[in-house]
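See structure below.
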Amino acid sequence: MKIYNTLTGKKEEFTPVEPGMVKMYACGVTVYDHCHIGHARSAVVFDVMRRHMKYKGYVFTYVRNFTDIDDKIINRAKQEGISWKEVAEKYTDSYYRDMDSLGVGRADIEPKATEHIAEIIAIVRGLVEKGYAYEADGSVYFEVSRFADYGKLSKRDLDDMMAGARVEVNERKRNPMDFALWKASREGEPSWDSPWGPGRPGWHIECSAMSLRHLGETFDIHGGGADLIFPHHENEIAQTEAFTGKPFVKYWVHNGFITVDKEKMSKSLGNFFTIQEIIGKFDAEVVRFFLLSTHYRSPIEFSDEQLREAETSIDRYYTTVIRIRDFLGADQTKEKAAADEKALEELLDKFRDRFTEAMDDDFNTALAIGIIFETIRTLNKYMDGRPSGRKAVTLVTRADALLRETGTVLNIFNRTPEEWYRALMSVKQIGLTEDDIREQIRLRQAAREARDWAAADRIRKELEEQGIILEDKKIGTGWKVRVP
RNA sequence: GGCGGCGUACCCAAGUGGCUAAGGGAGAGGUCUGCAAAACCUUUAUGCAGCGGUUCAAAUCCGCUCGCCGCCUCCA
């Protein structure tokens with residue numbers, strides 16, 4: 001399979017360090033606030049990468065960290081009047097709630113910065129001993145000019161950066177681009193003992209320490225949002241490779257941003273929506289589908305309109321699932337072929353290969369979803385031809401199984417239509433119970449049998465006004481929640 | 001200023017050298033239906049920001065122009 005590597009700027013054939021095994025590290029979150037949809041995108045994208053590679057048969061180890069000590073956490077603690085540990089716990093819980101609802105699985109290892117202080121100190125000490133870092137007033141800085149490859153990931157030249165540097169004045173640093181490995185703590189701030197006095201880790205060093213411990217000196221994939229390329233990942237490369245003397249990561253992958261009015265969604269601009277806000281208005285599966293309907297490296301414009309379209313698409317999927325079920329539940333004694341049998345058969349024959357090929361091409365989820373909907377249309381068309389008999393049952397069953405299989409990788413489309421409609425009823429705040437609806441359908445059926453079309457239509461219209469759509473079918477009347 | 005990316009139909013979005021430019025949404029018309037809904041069919045890009053060039057062949061490669069965005073500071 002092919003993966004776009006930020007380091008080389010090219011799509012490359014993926015070859016793991018150890019055959020059959022993949023080790024991936026993705027930068028998680030700093031737990032100082034609720035997650036927004038941008039965090040969701042990153043998490044969902046890496047979740048799908050893992051699912052696909054496991055589907056391909058790789059033995060996969062996924063490490064995703066929590067940054068649980070940092071200036072933002074300390075500030076937040078002051079604001080909320082609680083301890084920094086309580087802040088970290090509170091927002092870690094919030095993170096898990098969000099991820100669970102979005103269908104993002106837990107990583108195999110979820111390390112925290114504060115659990116790796118000893119490793120961090122060991123690396124910092126090693127870097128000082130090797131001459132890559134220096135101590136100043138209880139802090140330790142990495143000296144970027146000592147690392148020849150500095151800038152190789154973000155394609156930056158050290159001299160250019162210094163020329164246009166917008167960095168804070170800090171006369172303790174030998175070079176404005178030098179970055180903190182260890183920060184001396186001020187009175188009253190959380191701190192750990194170190195050879196340089198009480199302090200806490202710099203931001204970048206924790207990822208080096210945690211990946212080194214859990215994945216080794218050289219591993220396959222390291223990912224995160226595109227905004228982490230510089231300085232975070234650039235600095236990770238510098239300090240880790242300086243420390244180990246070995247290549248750090250083979251493939252660097254970065255997801256694109258979510259935008260609002262074409263601008264990057266970010267905390268500082270204030271144009272963000274938290275995951276909790278969004279899943280109050282749309283089902284989490286809708287959000288996940290929305291995030292996967294664009295290639296992970298492209299920007300996605302966030303809007304209610306986009307989410308409504310995603311909702312409509314998912315509804316189309318579950319509507320087809322109902323049709324499949326109705327079809328398989330119908331009388332199949334008569335052997336009757338439909339005109340489109342061959343088209344469906346051919347599509348199903350190629351389905352798995354096409355789907356895998358799309359995902360193998362740098363995780364092209366948008367194309368993969370396209371293939372799913374192409375199959376849905378062909379399948380519906382086939383069923384429209386009213387075929388029956390063993391051959392028809394075989395074909396439809398096979399289509400059903402193949403469509404379900406994609407759910408394993410994308411982790412969408414694997415609920416029942418009932419679960420989907422229940423979720424919609426909740427999110428759209430439909431003021432009816434399923435029993436209410438069934439009762440109305442019964443009343444309407446009686447009117448229909450009496451050929452009282454006016455009464456029947458009135459009931460249907462009343463339900464529609466409350467967001468419930470009726471569908472008269474041969475086997476009876478079905479209902480669904482109106483979308484969008 | 002440096003570096004990087006993007007510009008495909010009314011909207012979203014795949015496609016990065018060669019079969020009629022995926023898929024979804026929206027609109028219009030139609031089939032089906034008591035009427036609907038759903039589904040399906042037809043329809044909306046001789047053209048992929050513009051202009052040049054390379055090539056037998058380009059949305060796809062190269063150059064220039066225009067427009068938009070990102071990173072260079074915490075950031076997914």
Side-chain angles (χ1 to χ4, degrees), chain A residues 6 9 11 26-30 32 35-46 70-72 151 154-157 159-161 163-168 177 203 223-232 234 254-259 262-269 272 289-290 293-295 297-301 303 305-306 308-317 319-320 322-323 340 354 358 361 364-385 448 451-454 456-457 460-461 464 469-473 477-480 482 484:
Chain A
T6 308
K11 239 190 247 179
C27 289
V29 292
T30 301
Y32 75 106
C35 290
H36 61 65
I37 181 80
H39 300 105
R41 182 179 197 189
S42 197
V44 166
V45 159
F46 291 106
D70 159 278
D71 288 355
K72 290 194 291 285
S154 54
K155 318 278 185 280
R156 266 158 238 258
D157 184 85
D159 295 333
D160 291 345
M161 279 192 280
R166 281 193 288 161
V167 287
E168 85 278 23
M177 298 312 297
W203 174 36
D227 44 8
L228 296 182
I229 295 170
F230 189 89
H232 186 54
E234 193 68 69
H254 294 96
N255 63 275
F257 302 124
I258 306 243
T259 59
K262 294 272 183 187
E263 278 189 320
K264 180 189 169 189
M265 182 184 286
S266 72
K267 287 273 164 118
S268 42
L269 284 171
F272 62 91
F289 180 93
F290 161 72
S293 59
T294 302
H295 185 90
R297 283 189 282 116
S298 304
I300 307 185
E301 173 72 11
S303 70
E305 173 67 24
Q306 297 287 329
R308 274 195 292 273
E309 286 191 12
E311 189 175 65
T312 307
S313 293
I314 296 176
D315 195 63
R316 181 167 160 76
Y317 184 90
T319 301
T320 304
I322 291 175
R323 278 200 76 180
D340 298 299
R354 286 214 298 153
D361 185 10
N364 196 336
T365 52
L367 180 58
I369 288 171
I371 293 165
I372 291 172
F373 281 98
E374 192 186 343
T375 305
I376 281 181
R377 196 188 60 229
T378 309
L379 174 63
N380 274 318
K381 192 172 168 180
Y382 173 73
M383 290 190 291
D384 275 356
R448 290 180 76 210
R451 301 199 141 266
D452 184 354
W453 305 124
D457 290 351
R460 184 170 63 195
K461 190 150 182 287
E464 187 177 350
I469 302 282
L470 297 188
E471 286 183 15
D472 294 328
K473 297 180 286 194
T477 298
W479 63 271
K480 51 194 274 184
R482 189 181 62 205

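Numbered from 1 within each chain, the chains take letters A, B, ... in sequence-line order. Side chains included, hydrogens not; waters and symmetry mates left out as well; all remaining heavy atoms used.
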N/O (side chain, [X]) to phosphate O (OP1/OP2, [N]) under 4.0 Å:
X        : N     : value
A/Asn380 : B/A38 : no
A/Arg377 : B/C41 : yes
A/Lys264 : B/C71 : yes
A/Arg316 : B/A39 : yes

Check your understanding: In whole Å, what separates the P atom of B/A49 from that of B/A21?
Key -> 16 Å
Check your understanding: Parallel, tilted or perpendicular for A/Phe373 and A/Phe289, by the 30°/60° rule?
Key ->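 The rings of A/Phe373 and A/Phe289 stand perpendicular, inter-plane angle above 60°.
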**Study point:** Check: A/Glu374 side chain, B/G23 base, donor-acceptor under 3.5 Å
**Key:** no
Check your understanding: Do A/Arg460 and B/A36 have a side chain to base donor-acceptor pair shorter than 3.5 Å?
Key -> yes
Exercise for review: Mind calculating the distance between CD1 (A/Ile300) and P (B/A76) to the nearest angstrom?
Suggested key: 16 Å
Check your understanding: How many Å lie between CH2 on A/Trp479 and C1' on B/A38, as a whole number?
Key -> 16 Å
Point to revise | Base-pairing assignment for B/C64 (Watson-Crick or G-U wobble, both under 3.5 Å) | key: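 The base-pairing partner of B/C64, which may sit in any strand shown, is B/G50.
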Practice item. Can you tell me the pairing partner of B/U20 across any strand shown, Watson-Crick or G-U wobble, with both distances under 3.5 angstrom? Key: none
Check your understanding: Base, sugar-phosphate alone, or nothing: which one does A/Gly256 contact when heavy atoms must sit under 4.0 Å apart?
Key -> base
Check your understanding: For A/Ser298, which contact category applies under a 4.0 Å heavy-atom criterion: base, sugar-phosphate, or nothing?
Key -> sugar-phosphate
Point to revise | Close side-chain approach of A/Arg448 to A/Trp453, heavy-atom, < 4.5 Å | key: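 Yes. Closest side-chain heavy atoms under 4.5 Å.
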Review point. Are A/Lys461 and A/Glu464 ion-paired here, with the side-chain N under 4.0 Å from a carboxylate O?
Key: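 Result for this pair is no, no salt bridge flagged.
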